[in-house]
Amino acid sequence: MNIINIEHIAKVYKVGSEEVHALRDVSLKINRNEYVAIMGPSGSGKSTLMNMLGCLDTPTSGIYDFKSVSVSEMTDNELARIRNKEIGFVFQTFNLLARSDAVHNVELPLIYAGVSTSERRERAKQALLDVGLGDRMHHKPNELSGGQRQRVAIARALVTNPAIILADEPTGNLDSKTGEEIMALFHEIHEKGNTIILVTHEEYIAEHALRIIRLKDGLIEKDEVVEKRYIPKSKASFV
Amino acid sequence: MSALLLELNEGLAIAWRAIRANKIRAALTMLGIFIGVTAVVLMSTAIKGIDNSLQNGVSALGSDVLYVDKWAWFSNDEWWRMRNRRNIDMEDYARFKELAKLPAAIAPVTNSVQTIKIADRKVENVFLNGSTSDYVKTTNFDFDLGRFYSEVESNGSRNVAVLGSEISTKLFPRGDALDKTIKIGPVNFKVVGVLTEQGSTLLGAFNPDNQVFVPIGTIFKNFTSRHFGTVTINVRAASPEMLEDTKAEAEGVMRKIRGLAHSEPNDFTINQQEGLTDFLDSITIVIKIAGLFITGLSLFVGAIGIMNIMFVSVKERTREIGLRKAIGATRRTILAQFLLESSVICLIGGLIGLIAAVLLSLMLNQFFPTSIQYDVVIIAILISLLTGIVSGLAPAYTAAKMDPVDALRYE
């Protein structure tokens with residue numbers, strides 16, 4: 001069953017009097033438990049597509065169905081709701097709240113979902129355990145290493161049991177060893193049945209996925225299955 | 001509903017963390033609100049105090065009393081026109097008393113300013129009130145000691161005196177005035193009564209607290225000739241509802257006594273407290289408006305400070321706003337978050353301001369009439385909240401309408 005169905009979407013920005021065609025004509029389907037990498041040089045429309053997939057933005061034209069519901073015509077509040085329930089974001093710069101500890105950072109989406117205090121505390125702690133941060137629950141971001149911060153962010157993305165995890169250059173701010181650990185974590189998350197969309201410009205990161213979509217000039221250049229998939233050696237053994 | 005409470009709770013927590021993260025900034029911002037609220041509360045207690053004080057003073061005069069006088073208290077007429085009026089004398093009073101049927105009490109009043117002495121103490125420029133024993137019925141006096149002078153004492157022009165509370169305190173600090181002999185001018189008087197404090201310090205010499213009451217005959221005998229000067233006829237209506245009828249009757253009776261033809265204007269004036277109240281109101285309203293305007297201005301400046309700092313806060317936290325929106329915060333949630341933050345700052349500032357204002361007005365009360373009302377507490381809290389919401393609205397709206405994509409990319 002496909003979660004995401006995109007047909008002929010385009011996105012046009014107006015910069016001054018000039019029109020910029022960030023996406024020209026893109027169609028793709030993403031099924032449950034896929035592991036997709038989106039690649040492309042800067043200016044290829046990669047970020048625009050990611051924003052679109054993350055329901056942060058709506059297309060200028062075309063169809064975007066998320067779990068068979070049309071996103072194109074959603075209001076701001078409906079978009080916020082679908083982001084909250086169905087999408088887990090992981091950013092390059094982590095985007096944690098600096099003054100809050102790990103548990104509170106992970107709880108955040110559940111607050112907006114209206115989950116009761118005790119339940120969300122429980123779920124946040126479980127999510128932190130799942131990413132191997134059971135002993136760092138009450139540390140603030142500045143007391144954590146880069147890899148640990150990204151794992152808090154992944155826990156935050158997982159805590160709502162979203163339909164897709166959308167990771168934008170998740171290893172971009174990490175050294176290669178830590179990056180590898182994070183990729184191992186994604187691998188594990190995928191094994192558990194989650195759907196992952198990974199946006200990256202690095203070939204070896206993209207090769208962790210099962211499928212690579214290559215963008216160029218607002219169009220899909222290639223949509224291919226990864227033949228020699230890279231499987232992280234260090235099973236996410238953080239504990 | 002529970003989601004709303006959760007959001008509120010989270011909003012308060014965020015606000016509290018944000019304030020704690022920038023303690024000095026928050027404190028300086030609060031200072032503006034603190035000063036504004038202190039000023040407004042202090043001003044309103046002062047206004048309330050002035051109002052109460054005047055109200056007490058004026059109502060001590062009695063709202064149902066008419067003063068038939070040669071002089072008008074408040075008039076646009078030239079003063080010389082009134083000066084040329086005939087004096088009201090004791091014969092006029094006697095005939096008035098005979099002809100007027102409606103009043104509950106009628107008393108002639110004349111005044112003299114004298115120095116009062118006892119063995120080792122002296123009070124200068126005391127307002128001496130000379131009348132008859134009926135005078136007390138035209139007032140609402142209560143007595144700390146003794147009584148008003150009697151009809152016999154009044155008719156016989158005995159040298160007896162009733163002291164206002166402040167005069168009594170000055171002459172007899174130990175409160176043992178009763179039956180003591182005092183010297184009014186060169187003449188000995190016996191104290192037969194002391195009035196309970198009437199209130200207003202603002203009415204000055206017209207405050208009964210600063211007066212001494214003696215039989216009218218003693219004034220004519222010792223201080224002022226009865227053929228010199230004019231008396232005022234104090235007329236008390238049977239009830240406040242009867243005031244207008246009593247006034248109409250008094251006017252008719254006086255015109256009859258004076259033998260005025262239809263075409264001639266009154267050569268006397270019937271004054272009443274209402275005139276005084278109107279006059280005082282016209283003064284205090286200016287004080288009130290000016291006072292509240294000036295103090296309101298300081299609150300306004302404080303509100304601008306809040307708005308400024310909230311804009312900075314929104315700008316600083318652009319990425320945080322972007323993140324919150326990305327993970328599901330709606331516009332309303334973000335709006336509420338920043339409104340809560342500015343409201344909390346204002347509320348804290350306002351509460352400290354309120355406490356300061358209460359303490360200050362207790363101190364000021366030594367020199368100036370102030371009056372702390374419970375409603376002031378509520379008003380101060382409402383003002384702070386309102387200031388917080390109004391000054392937070394524009395920054396909060398800016399935050400709420402941010403595009404999550406741009407906000408997340410903001411450096």
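Predicted, not measured: the structure shown is a model, and the values here were computed from it. Chain letters run A, B, ... following the sequence lines, proteins first, then strands; residues in each count from 1.
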Please determine whether the number of non-hydrogen atoms from other residues, nucleotides or ligands lying under 6.0 Å from atom [atom1] of [X] exceeds 12.
{"X": "Phe300(B)", "atom1": "CZ", "answer": "no"}
{"X": "Lys216(A)", "atom1": "NZ", "answer": "no"}
{"X": "Arg25(B)", "atom1": "CZ", "answer": "yes"}
{"X": "Glu18(A)", "atom1": "CD", "answer": "no"}
{"X": "Glu143(A)", "atom1": "CD", "answer": "yes"}

Is it the backbone or the side chain of Ala13(B) that comes under 4.5 Å from a heavy atom of chain A, or both, or neither? neither
Give, as side chain, backbone, both or neither, the part of Ser116(A) having an atom under 4.5 angstrom from any heavy atom of chain B. backbone
So for Asn95(A), is it side chain, backbone, both, or neither that comes closer than 4.5 Å to the heavy atoms of chain B? both
Just how far is it from atom [atom1] of [X] to atom [atom2] of [Y], taken to the nearest 0.5 Å?
{"X": "Ile327(B)", "Y": "Arg83(A)", "atom1": "CD1", "atom2": "CZ", "value": "10.0 Å"}
{"X": "Asn77(A)", "Y": "Thr333(B)", "atom1": "CG", "atom2": "OG1", "value": "8.0 Å"}
{"X": "Ile14(B)", "Y": "Ser100(A)", "atom1": "CD1", "atom2": "OG", "value": "8.0 Å"}

What residue, out of Arg409(B), Lys325(B), Arg324(B), Arg20(B), has the most heavy-atom pairs lying under 4.5 Å from chain A? Arg324(B)
Do the side chains of Leu323(B) and Phe91(A) get nearer than 4.5 Å, heavy atoms only? yes
Find out whether Asp76(A) and Thr330(B) are in side-chain contact, i.e. whether some heavy atom of one side chain is under 4.5 Å from a heavy atom of the other. no
Shortest non-hydrogen contact between [X] and [Y], atoms and distance:
{"X": "Ala80(A)", "Y": "Ala329(B)", "answer": "CB-O, 3.9 Å"}
{"X": "Arg99(A)", "Y": "Ala18(B)", "answer": "NH2-CA, 4.0 Å"}
{"X": "Asn84(A)", "Y": "Gly328(B)", "answer": "CB-CA, 3.6 Å"}

Quick one: of Thr160(A), Asp57(A), Thr117(A), Val115(A), who has the most non-hydrogen atom pairs under 4.5 Å with chain B? Val115(A)
